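Working notes, structure below.
Owing to the predicted nature of the structure, the values given are computational and were not obtained by experimental measurement.
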Amino acid sequence: MEASGPGRARRGWRRARAAGSPLSRAAVVLLLSAFVARASSSVGYLIRLPRGFRLTQDTVKIVGSSNFPENSTTQVTSTGSLIFQNFEEGMSGVYTCFLEYKPTVEEIVKNLQLKYVIYAYREPHYYYQFTARYHAAPCNSIYNISFEKKLLQILSKLVLDLSCEVSLLKSECHHVKMQRAGLQNELFFTFSVSSLDTEKGPRPCADHNCESSKRLAKAKNLIERFFNQQVEVLGRRAEPLPEIYYIEGTLQMVWINRCFPGYGMNTLKHPKCPECCVICSPGSYNPRDGTHCLQCNSSLVYGAKACL
């Protein structure tokens, strides 16, 4: 931190250590003169300013100390700005900016400390989940397995250019008793359509139309059109129906919105970003793809995935 005026100032940054826990790792932006190098694509940061702190033109600059220990993810510039690179979730925690200065030569030394709580966050893991039913061959037939693989290949190819992927969640064959037709074999498919990490995908998206939600919406439309076309094709057939075919009206879709393990949504703690999946604070954890962090008094770290 650096104060204006003719006097000298000593400044520096200090990272708080939670009692009984290892040093945490998250990314931070420090106003006004500090900045953050580009973070990794999958993890971001949230910053909570100290209570009562207001930014004005006369606010002192928040910088650091060039003597502060550095590592591969933390850097303090010659002007004292604190910078984080290659942002990682474990960098979450409390950071303290401390200042010792004399506004003028005649005045006594003054001290000032500002504490910042920095939270890692990730975009929610959201995807579409589909279910569909097919009239099938006998449940022990190899034709059902072959058909399942072929269907997944077709669906995957449909959404490939959108950097989305189709994953089979469940496939079951059941004997279903029909009112007039007696027992019939039916395949119950459950599959998901999710967005690939575009940096890892085979065809990274570069334009604004490739935002995850837009790509998923287009993928959903393509899949719905594909099943509608199957109904149209069957309706035009003069010959008997094939052994395996889509049952009209059985396609169902739900929107799934979940946080990754170690993250959760909290509208009370993070009201400015209620839909953000923010890293679980000490005292909480999320063991699976849930929506909220669960209470765990024995958890002493950020991003806990288990209550130990």
Side-chain angles (χ1 to χ4, degrees), residues 41-42 122-178 181 183-207 209-237 239-261 288-290:
S41 61
S42 60
R122 299 184 68 174
E123 290 295 327
H125 179 212
Y126 46 83
Y127 57 93
Y128 287 106
Q129 181 173 298
F130 290 86
T131 57
R133 289 161 57 187
Y134 277 79
H135 184 280
C139 286
N140 59 354
S141 172
I142 193 173
Y143 294 112
N144 291 336
I145 299 174
S146 177
F147 174 80
E148 174 189 303
K149 292 180 179 178
K150 185 64 176 179
L151 177 62
L152 289 175
Q153 288 174 358
I154 294 173
L155 294 175
S156 296
K157 190 174 181 180
L158 275 178
V159 301
L160 178 62
D161 288 340
L162 295 171
S163 292
C164 292
E165 65 177 350
V166 174
S167 301
L168 179 65
L169 302 179
K170 185 167 60 174
S171 175
E172 298 176 337
C173 183
H174 295 285
H175 301 295
V176 179
K177 187 175 183 179
M178 308 300 292
L183 285 176
Q184 293 191 10
N185 304 306
E186 291 188 8
L187 287 173
F188 290 71
F189 287 114
T190 303
F191 60 93
S192 66
V193 181
S194 57
S195 174
L196 285 168
D197 183 342
T198 54
E199 291 190 358
K200 298 177 182 177
R203 301 182 183 181
C205 288
D207 97 30
N209 290 322
C210 287
E211 292 178 17
S212 180
S213 58
K214 291 181 179 179
R215 289 187 282 111
L216 276 174
K218 291 180 180 179
K220 174 184 74 73
N221 292 337
L222 288 174
I223 288 175
E224 288 177 327
R225 186 186 307 168
F226 167 76
F227 282 94
N228 288 334
Q229 288 173 344
Q230 290 187 73
V231 175
E232 294 172 5
V233 170
L234 287 174
R236 294 195 296 264
R237 288 178 63 98
E239 62 271 21
L241 293 174
E243 188 172 27
I244 302 177
Y245 60 88
Y246 168 64
I247 301 174
E248 182 179 358
T250 62
L251 182 68
Q252 302 292 326
M253 180 204 69
V254 292
W255 172 255
I256 306 295
N257 187 4
R258 296 289 185 267
C259 293
F260 289 93
R288 58 183 67 86
D289 288 355

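- Not a single salt bridge (charged side-chain N to carboxylate O under 4.0 Å, His left out) links Glu148 to another residue, sequence neighbours left out.
- Under the side-chain hydrogen bond (donor to acceptor under 3.5 Å, both in side chains) criterion, Asn185 pairs with His175, not counting sequence neighbours.
- Between Phe227 and Leu155 there is a side-chain heavy-atom pair separated by less than 4.5 Å.
- Between the side chain of Asn144 and the backbone N or O of Asn140 there is no donor-acceptor pair closer than 3.5 Å.
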Exercise. Would Glu243 and Tyr134 satisfy side chain to side chain donor-acceptor pair (under 3.5 Å), going step by step from the backbone distance to the final call?
Worked result: CA-CA 10 Å; Glu243 188 172 27; Tyr134 277 79; over 6 Å; no
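- Of the possible donor and acceptor atoms, none in the side chain of Asn257 sits under 3.5 Å from a partner among the backbone N and O of Tyr126.
- Under a cut-off of 6.0 angstrom, the local environment of CG in Leu241 is crowded, with over 12 non-hydrogen atoms contributed by other residues, nucleotides or ligands.
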For this session: Quick one: do Met253 and Gln129 satisfy side-chain contact (heavy atoms from CB on, under 4.5 Å)? Show the steps, please.
Result: CA-CA 6 Å; Met253 180 204 69; Gln129 181 173 298; over 6 Å; no
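- For the pair Thr190/Phe130, no side-chain contact is recorded, criterion being any heavy-atom separation below 4.5 Å from C-beta on.
- Closest approach of Leu222 and Leu158 over heavy atoms only: CD1-O, 3.4 Å.
- Heavy-atom minimum distance, Val166 versus Ser156: CB-OG, 3.8 Å.
- Residues Leu251 and Tyr246 meet the side-chain proximity criterion, which asks for heavy atoms closer than 4.5 Å.
- Atom CZ of residue Phe189 and atom CG of residue Leu152 lie 7.0 Å apart, to the nearest 0.5 angstrom.
- Interatomic distance, NZ of Lys220 versus CZ of Arg225, reported as 11.0 Å (0.5 Å rounding).
- A search for side-chain hydrogen bond (donor to acceptor under 3.5 Å, both in side chains) contacts involving Glu165 returns nothing, not counting sequence neighbours.
- Side-chain contact check for Glu186 versus Ile247: some heavy-atom pair is nearer than 4.5 Å.
- Remark: side-chain polar atoms of Arg258 are not paired, donor with acceptor, to backbone N or O of Pro124 under 3.5 angstrom.
- In this structure, the side chains of Phe188 and Val176 come closer than 4.5 Å at one or more pairs of heavy atoms.
- Side-chain contact between Tyr128 and Val254: absent, with no pair of heavy atoms (C-beta onward) separated by less than 4.5 Å.
- Listed here is the closest heavy atom pair of Leu216 and Tyr127: CD1-CA, 4.4 Å.
- Here Ile154 contributes atom CD1 and Phe226 contributes atom CZ; the two are 5.0 Å apart, rounded to the nearest 0.5 Å.
- In terms of heavy atoms, Cys139 sits closest to His174 at SG-N, 3.8 Å.
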For this session: Kindly indicate, with the supporting measurements, whether the criterion side-chain contact (heavy atoms from CB on, under 4.5 Å) is fulfilled by Ser163 and Arg215.
Result: CA-CA 7 Å; Ser163 292; Arg215 289 187 282 111; 3.5 Å; yes
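- The nearest pair of heavy atoms linking Ile244 to Ala137 is CG1-N, 3.8 Å.
- A distance of 8.0 Å separates OH in Tyr245 from CG in Leu234, rounded to the nearest 0.5 Å.
- The distance from atom OG of Ser171 to atom NZ of Lys149, rounded to the nearest 0.5 Å, is 11.5 Å.
- At most 12 non-hydrogen atoms from other residues, nucleotides or ligands lie less than 6.0 angstrom from CD of Glu248.
- Note: Ser213 OG to Lys218 NZ = 10.5 Å, rounded to the nearest 0.5 Å.
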